[in-house]
Amino acid sequence: MKKLFFTLLIGLGLMSAAATAAEKQSIFVNVTSSDNIKAPMAIMFANQGLKHGLDMTIFLNTEGVRLAVKGFNPPANAQNGKNTHDMLSMFVKNGGKVLVCPMCLKAQGYDKSDLIPEAVLSDANKTFGGILSSDKVISF
């Protein structure tokens with residue numbers, strides 16, 4: 001009986017380890033700038049993460065919220081010829097999530113109605129949930 005119990009414990013431990021190894025790693029990308037070098041670099045980084053099978057979330061805050069505003073017309077990026085709206089659209093189409101800080105959006109003079117469709121107005125639960133559940137947090 002002890003042998004059977006011990007075998008079951010080992011089996012459960014192996015199954016648990018296999019399930020943990022199979023979970024997707026996640027990265028939370030904090031973007032604080034609408035600068036035409038930093039912002040596209042952050043979005044390109046996040047898109048690369050998706051291509052490597054990672055769960056990626058971009059969080060736009062402070063001046064970075066402008067990247068998700070409909071009227072913001074950033075120039076095309078020198079690296080890929082796309083502007084940040086196109087890059088964010090591609091990111092979401094590829095499975096990424098874009099969260100926007102509501103206080104920062106308001107501080108910049110915008111509201112939810114100004115956001116591009118791919119962006120989601122965040123809240124404390126979404127933001128902290130994303131940070132706490134991510135394996136890594138990277139800021140640009």
Side-chain angles (χ1 to χ4, degrees):
M1 185 69 153
K2 285 183 183 179
K3 202 175 206 180
L4 176 63
F5 181 70
F6 185 69
T7 304
L8 285 173
L9 281 178
I10 290 174
L12 287 173
L14 290 174
M15 286 173 34
S16 175
T20 301
E23 290 178 16
K24 265 188 175 182
Q25 281 196 315
S26 60
I27 298 178
F28 192 88
V29 181
N30 181 43
V31 182
T32 62
S33 174
S34 58
D35 173 279
N36 198 38
I37 296 172
K38 292 177 189 173
M41 186 184 330
I43 301 168
M44 288 185 337
F45 174 85
N47 265 312
Q48 283 299 313
L50 292 174
K51 289 179 183 177
H52 285 89
L54 301 173
D55 182 22
M56 303 294 296
T57 300
I58 292 175
F59 177 61
L60 304 173
N61 69 82
T62 61
E63 292 179 10
V65 299
R66 287 189 258 176
L67 300 173
V69 171
K70 293 175 198 167
F72 182 68
N73 192 15
N77 178 266
Q79 289 284 335
N80 62 12
K82 295 179 176 19
N83 70 35
T84 50
H85 284 173
D86 295 337
M87 294 170 71
L88 285 173
S89 292
M90 183 187 322
F91 174 72
V92 170
K93 184 178 176 181
N94 291 335
K97 294 178 280 300
V98 177
L99 301 177
V100 178
C101 171
M103 290 186 302
C104 302
L105 189 68
K106 185 176 181 180
Q108 293 290 328
Y110 303 108
D111 63 33
K112 184 179 179 176
S113 67
D114 294 307
L115 294 177
I116 60 174
E118 295 83 6
V120 174
L121 199 60
S122 193
D123 59 31
N125 290 331
K126 289 177 190 169
T127 303
F128 285 109
I131 291 169
L132 295 174
S133 67
S134 292
D135 296 301
K136 293 179 177 47
V137 176
I138 299 173
S139 289
F140 284 86

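Everything numeric in this text was worked out from a predicted model, so none of it was measured. For the single chain, residues carry numbers from 1 onward in sequence order.
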Residues 110-117, side-chain donor-acceptor partners within the protein, below 3.5 Å, at least two apart:
residue, atom, partner, partner atom, Å
Asp111, OD1, Ser113, N, 2.9
Asp111, OD1, Ser113, OG, 2.4
Asp114, OD2, Asp111, N, 2.8

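- Residues Leu50 and Gly95 share a closest heavy-atom pair of CD2-C, 4.1 Å.
- Other residues, nucleotides and ligands place no more than 12 heavy atoms under 6.0 Å from the NZ atom of Lys38.
- Residues Phe28, Phe59, Val120, Ile131, Val137 make up the rest of the hydrophobic cluster containing Leu99, defined by ILVMFWY side-chain heavy atoms closer than 4.5 Å, directly or through other members.
- Between Gln48 and His52, the shortest heavy-atom distance links the atoms O-ND1, 2.8 Å.
- Looking at residues two or more places apart in sequence or on another chain, you find no side chain to side chain contact (heavy atoms under 4.5 Å, CB included) involving Lys106.
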Please set out all donor-acceptor pairs under 3.5 angstrom arising from side-chain atoms of residues 85-92, sequence neighbours excluded.
residue, atom, partner, partner atom, Å
His85, NE2, Leu67, O, 3.2
His85, NE2, Val69, O, 2.9
His85, NE2, Phe72, O, 3.4
Ser89, OG, His85, O, 3.1
Ser89, OG, Glu118, OE2, 3.0

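- Contact detail for Ser33 and Ala39: the closest heavy-atom pair is O-CB, 3.5 Å.
- Under the salt bridge (charged side-chain N to carboxylate O under 4.0 Å, His left out) criterion, Asp55 pairs with Lys97, sequence neighbours left out.
- Not counting sequence neighbours, the partners of Ser122 by the side chain to side chain donor-acceptor pair (under 3.5 Å) test are Thr127.
- Distance check: Asp35 CG to Met41 CE gives 8.5 Å after rounding to the nearest 0.5 Å.
- The hydrophobic cluster around Met103 extends to none of the other residues, as no ILVMFWY side-chain heavy atom falls under 4.5 Å of it.
- Minimum interatomic distance between Ala68 and Ala119 (heavy atoms only, all atoms of both residues): CB-CB, 3.7 Å.
- Between the side chain of Thr62 and the backbone N or O of Thr32, at least one donor-acceptor pair lies under 3.5 Å.
- The side chain to side chain donor-acceptor pair (under 3.5 Å) analysis of residues 131-140, with sequence neighbours excluded, yields the pairs Asn30-Ser139.
- Heavy-atom neighbours of Ile138 CD1 from other residues, nucleotides or ligands within 6.0 Å: above the threshold of 12.
- Residues Val65 and Cys104 come closest through the heavy atom pair CG1-CB, 3.6 Å.
- A distance of 7.5 Å separates NZ in Lys51 from CG in Asn94, rounded to the nearest 0.5 Å.
- Listed by first and then second residue, the salt bridge (charged side-chain N to carboxylate O under 4.0 Å, His left out) pairs involving residues 65-74 are Glu63-Arg66 (not counting sequence neighbours).
- For the atom pair CG of Leu105 and CG of Leu60, the computed distance is 10.0 Å after rounding to the nearest 0.5 Å.
- One distance of note links CD1 of Ile43 with CG of Asn83; it measures 9.0 Å at 0.5 Å rounding.
- Applying the ring-ring contact (aromatic ring centres under 6.0 Å, His included) test to residues at least two apart or on different chains, the pairs with a partner in residues 118-140 are Phe45-Phe140.
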